[in-house]
Amino acid sequence: MGAGGRMSAPPTRKNAETDNPKRVPYSKPPFSLGQIKKAIPPHCFQRSVIRSFSYVFYDLTIAFLLYYIACNYIQPLSQPFSFLAWPVYWYVQGCVLTGVWVIAHECGHHAFSDYQWLDDTVGLILHSALLVPYFSWKYSHRRHHSNTGSIERDEVFVPKQKSAIGWYSKYLNNPPGRFLTLTIQLTLGWPLYLAFNVSGRHYEGFACHYHPYGPIFSDRERLQIFLSDAGVLAVVYGLYRLAVAKGLAWVVCYYGGPLMVVNGFLVLITYLQHTHPSLPHYDSSEWDWLRGALATVDRDYGILNKVFHNITDTHVAHHLFSTMPHYHAMEATKAIKPILGDYYQLDRTPVFKAMFREAKECIYVERDEGDKKGVFWYNNKL
């Protein structure tokens, strides 16, 4: 069919478990990236400085209003009411600041404006405020987009093959073990990834997002890694001065709690976008960019889809066209669905349920029994 019609997809194979989701096709798609792009209205690729800044101002206004409420209505509360109110503030403020993180993410993809210097300036400020080394993340994340779905070159949530999983995995393959694993992942996963590249691609040498001379970065990128570190250090120093002036508890309540929520959502969103029983991974004999970009899944976070600027439910389109601004991504997703057909994956499973299902079903990847192709599927038989 033409670019606007639904194209037939090769037959897909089922998992051995009949209750597992249907696998997406893994053969080369019968469409090209150009055909997908033609289906999207041209205005979806246009970036507006005014519109992009409107989301920055909106998110920051909400964040300051929540801060005002915390100062004037939560802080004066007596116990035990304050113990109930602070976690609510942390969660709501953390959700709003996750939206701020997403806007900085747009800057890293040059999706904020037509001006690279403006994107990098806004991204550096917003990400530094959330203790993210902007340029360090930008470069490793760019390589993630260049190598999505590759078990050898992808940068984040790279699945292990069965032979590489730890001896302790079988002891964690139960409800308490999965709860412990997810708790550690959501609380410590993001700082461990930045500091030690945990769950990331294997590098020779010490891979760290704060290390300008580490193996993650090339020579031409190292100066900007120093700049990223300076941005984070400036914010850390500011937090130190606040702790001296107002006390450590003040910093933890107003900033630390929401930041933990932001970090948890970053890990959860990325994990669920790239971890699903229906998604294939490829080795170098099979991998190509388009099939890798399609090895992702859109998720439904309900009202939080809007709060997170639809990074959750338009992720497939984002991987295909990462310079497209988020405010056009829903329209683009609707336009490309008929083209992608079975290659498009949307899972509306409630996030909490999906999180535990993926932790149970997606322990490692392996080829199907008797299959010599370089296509790997999630499995959990230990």
Side-chain angles (χ1 to χ4, degrees), residues 80 82-99 101-102 130-132 137 144 155-160 162 164-201 207-209 248-249 251-277 279 297 299-305 307-308 311-312 315 347 349-365 378-382:
S82 62
F83 290 145
L84 299 174
W86 278 117
V88 174
Y89 165 75
W90 296 340
Y91 179 79
V92 177
Q93 184 74 290
C95 289
V96 173
L97 294 180
T98 301
W101 195 101
V102 172
L130 296 171
L131 300 184
V132 178
W137 163 85
H144 159 62
E155 287 284 342
V156 64
F157 281 115
V158 182
K160 291 182 172 65
K162 188 174 183 178
I165 62 174
W167 59 268
Y168 50 82
S169 297
K170 63 180 179 181
Y171 300 107
L172 296 174
N173 190 25
N174 51 66
R178 287 189 282 273
F179 178 82
L180 176 63
T181 300
L182 287 170
T183 300
I184 294 173
Q185 186 171 300
L186 295 180
T187 55
L188 300 177
W190 179 243
L192 288 175
Y193 170 68
L194 292 177
F196 304 107
N197 202 39
V198 172
S199 86
R201 170 184 173 182
C208 170
H209 281 75
L248 180 61
V251 174
V252 170
C253 285
Y254 286 96
Y255 180 84
L259 185 66
M260 288 290 290
V261 174
V262 173
N263 293 349
F265 268 122
L266 296 182
V267 173
L268 179 61
I269 291 169
T270 308
Y271 174 67
L272 291 182
Q273 286 168 340
H274 296 282
T275 308
H276 194 278
L279 296 180
V297 58
R299 300 279 189 169
D300 187 1
Y301 284 66
I303 192 173
L304 291 180
N305 289 331
V307 178
F308 298 159
I311 196 174
T312 46
H315 190 67
D347 192 334
T349 303
V351 170
F352 186 79
K353 180 180 178 180
M355 177 175 67
F356 279 93
R357 182 192 67 192
E358 268 53 299
K360 177 182 179 182
E361 301 291 336
C362 304
I363 297 178
Y364 60 89
V365 292
Y378 280 110
N379 207 328
N380 65 351
K381 302 298 186 294
L382 294 174

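All figures in this text were calculated on a predicted structure; none of them were measured in a lab.
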Does Lys162 NZ have over 12 foreign heavy atoms under 6.0 Å away?
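Above 12, so yes.
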Are there more than 12 heavy atoms of other residues, nucleotides or ligands under 6.0 Å from atom CZ of Phe356?
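Correct, the count exceeds 12.
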Starting at [atom1] of [X], measure out to [atom2] of [Y] and round the result to the nearest 0.5 Å.
X	Y	atom1	atom2	answer
Leu97	Tyr255	CG	OH	8.5 Å
Tyr364	Leu382	OH	CG	6.0 Å
Tyr168	Asn173	OH	CG	13.0 Å
Thr181	Lys360	OG1	NZ	14.5 Å
Met355	Leu182	CE	CG	5.5 Å
Trp101	Leu259	CH2	CG	12.5 Å

Is the side chain of [X] donor-acceptor paired with the backbone N or O of [Y] at a distance under 3.5 Å, no angle test?
X	Y	answer
Gln273	Ile311	yes
Tyr89	Cys253	no
Tyr91	Gly257	no

[X] versus [Y], closest heavy-atom pair with distance:
X	Y	answer
Val351	Leu272	CG1-CD1, 3.7 Å
Val365	Pro159	CG1-CB, 3.7 Å
Thr312	Asn305	OG1-OD1, 2.6 Å
His276	Asp347	NE2-OD2, 2.6 Å
Ile165	Ile363	CG2-O, 4.3 Å
Tyr378	Leu279	CD1-O, 4.1 Å

Do Tyr193 and His209 have ring centroids that are under 6.0 Å from one another?
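Centroid separation for His209 and Tyr193: below 6.0 Å.
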Which word best sums up how the rings of Tyr301 and Phe308 line up, parallel for under 30°, tilted for 30 to 60°, or perpendicular for over 60°?
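Tyr301 and Phe308: perpendicular rings.
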The test is side-chain contact (heavy atoms from CB on, under 4.5 Å); show your working for Trp190 and Met260 and say whether it passes.
CA-CA 10 Å; Trp190 179 243; Met260 288 290 290; over 6 Å; no
Please step through side-chain contact (heavy atoms from CB on, under 4.5 Å) for the pair Val262 and Leu266, ending with a clear verdict.
CA-CA 6 Å; Val262 173; Leu266 296 182; 4.2 Å; yes
Listed by chain and number, what are the ring-ring contact (aromatic ring centres under 6.0 Å, His included) partners of Tyr254, not counting sequence neighbours?
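ring-ring contact (aromatic ring centres under 6.0 Å, His included) check on Tyr254 returns Tyr67, Trp86, Trp250.
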